[in-house]
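Take a look at the structure set out below.
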Amino acid sequence: MNKAATTCTLLAAFFVCSLAQGQGKPKLVLQITVDQLRGDLPTRYYDRLGDGGFRYLWEKGIVYRNAHHAHANTETIVGHTTLATGAHPSAHGMVGNLWFDRETGFTTYNVEDPNYCLLTEGADVDEDAEIDPTQRAARSQGRSPAAILVSTFSDELSSSTGGRAKVFGVSVKDRGAISMAGHSGTAYWFSKASGEFVTSTYYLDQYPDWVKAFNKQQPAQRFANTSWNLLHKQRSYLFGESDDREWETDVAGFGRVFPHSYGDGSSRYFTTWLTLSPAGDKLVLDFAKQALTEEQLGADAITDYLSVSFSSTDYVGHVFGPFSLEGEDNILQLDRTLADLLAYVDAKVGLANTLIVLSADHGGPDAPGYLNSLDIPAGYVDPESWETDAAIDRIKKEFTIDGKLIETYSHPYLYFSRDVKDNDSIDREELESMVVEELSKFKGVSLAVSSAALRRGNLPDTHLHRSVVNNFHPKRSGDIYLVFEPNWFINDFDGLKVAATHGSPWNYDTYVPIVFAGAGLQAQTVDRKVHTVDIAPTLSSYLEIKPPSGSVGVPLREVLQ
Ligand SMILES: [Zn+2]
């Protein structure tokens with residue numbers, strides 16, 4: 001045997017050996033999700049981004065510029081669970097932030113679970129100060145991932161390593177952390193009531209010392225007597241001349257113009273104000289860094305998983321609109337937060353040893369007022385007025401319905417009343433099709449689809465219908481699925497009027513970034529249309545483990561090359 005052949009044999013043996021020992025795999029998978037980060041936002045203000053944040057990802061990573069969610073109800077839990085599982089909501093079951101449970105007869109919040117209460121006393125949702133109506137709708141204060149019907153990538157990573165991979169999910173929102181940590185990991189989120197990071201008894205019996213120490217410092221209080229100030233000079237901003245717009249929401253005195261004061265920390269809305277500004281992301285950043293160090297993530301040869309979901313962009317989008325001075329500054333501040341996180345991961349684990357993926361649970365529309373100012377049609381829909389509409393009245397007479405026909409519209413589903421459900425003499429399919437026909441004529445409604453049509457699958461093969469089918473779960477979906485016209489949506493959150501709301505199958509809501517970086521990946525830009533269901537199977541293929549149980553995505557070849 002010559003020398004070259006000997007070297008080859010030795011090298012081959014080394015590689016077989018290395019793979020068997022788990023080397024060559026990343027030490028850490030870092031999944032970053034930015035709530036409501038529409039695909040155009042990371043590069044919209046590129047000239048003013050710093051180094052190491054979006055610029056690192058966009059210049060060193062594999063950037064998919066035409067990535068979309070393929071389901072119709074582009075809401076937080078729906079998108080997060082899709083990112084985590086590679087499955088559509090029709091399989092993972094998270095069809096909306098809320099759904100009506102036909103077995104219990106009550107509205108259900110996606111991650112509520114009466115079996116697992118919060119591990120911190122006084123951390124339950126404060127009904128009086130909570131501005132998120134889906135949180136208020138929960139009947140239980142307990143939380144767990146029990147309603148996620150398939151495995152997540154993080155579950156598969158855990159099971160492939162005999163439970164030795166460490167798996168963590170962190171977010172301001174419970175649903176942003178729980179969905180990504182899956183069934184096997186540990187989720188921590190921010191309690192607005194207690195101002196601390198908390199979990200439930202599903203995950204832990206008691207907090208590790210480092211979490212106790214972190215909370216003992218009262219992390220939120222460092223923002224007391226400070227304000228959300230602009231990062232740069234106001235005149236350098238695209239929206240610098242238009243801070244005070246009439247469609248922006250003043251949440252309990254937080255105001256519509258800079259500086260947005262957090263007050264002295266004594267207001268019951270103090271922690272809420274933090275979450276609807278860059279401070280919320282900074283709290284998550286601090287906790288995620290602590291988790292990385294204290295749990296020794298990425299410290300050994302077994303690949304660990306950390307999900308960090310940043311929520312401020314979502315709240316800012318709802319309250320001020322994505323294209324607002326607040327929205328612009330929030331992106332520039334998020335860029336600094338990302339740079340901080342990536343620098344920390346680099347120092348602890350090394351970006352070369354970390355496979356990073358960044359995406360979003362959904363995009364978001366611009367505020368109708370902003371669009372109208374540019375002569376673009378947009379507006380708000382009011383389903384409350386439908387019950388008394390002449391057309392619905394005619395249907396009620398025809399089916400001799402004495403009480404209400406519509407129980408509620410809980411996005412994106414319309415639900416029939418008990419009077420209808422309990423009345424066996426009503427031909428439900430006939431009623432559904434008549435209501436669908438009338439609703440389709442209402443101002444702001446683009447498409448109405450009956451559950452009978454969804455169950456049977458006899459629908460036109462259009463992009464819009466496919467996205468509604470991807471969202472359909474027979475046990476959890478409502479009676480009629482409604483798609484509003486582009487840029488038309490409900491802005492009334494239980495009395496709180498917001499600037500803009502996502503949740504449609506239109507491009508501004510489905511369009512999100514997908515970027516893979518670190519782990520020696522070569523920079524590349526891809527314009528092929530890809531979907532968010534592709535992320536989880538890509539991670540599985542990369543690590544040579546089986547895809548999550550309901551995954552239907554296609555592994556992205558550029559990442560695997
Ligand atoms: Zn949202």
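Keep in mind that this is a model prediction, so the values were computed, not measured. As the structure lists them, so they are numbered: ligands from 1, and atoms in each ligand from 1.
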Problem set entry | Electrostatic pair Asp132-Arg175, nearest N-O below 4.0 angstrom | yes
Problem set entry | Salt-bridge contact Asp314-Lys173 (side-chain N to carboxylate O under 4.0 Å) | yes
For this session: Examine the side chains of Glu328 and Tyr45 and answer whether a donor and an acceptor come within less than 3.5 Å of each other.
Result: no
Seminar exercise, completed: Within a distance under 2.8 Å of the Zn ion (ligand 1), the protein atoms of type N, O or S are Asp314 OD1, Asp314 OD2, His318 NE2, His502 NE2
Problem set entry | Ring geometry between Phe254 and Trp273 (parallel below 30°, tilted from 30 to 60°, perpendicular above 60°) | parallel
Exercise. Among Leu49, Asp281, Leu341, Leu231, whose side-chain contact (heavy atoms from CB on, under 4.5 Å) with Arg336 holds?
Worked result: Leu231
Exercise. Taking 4.0 angstrom as the limit, do Asp366 and Arg38 come out as a salt bridge?
Worked result: yes
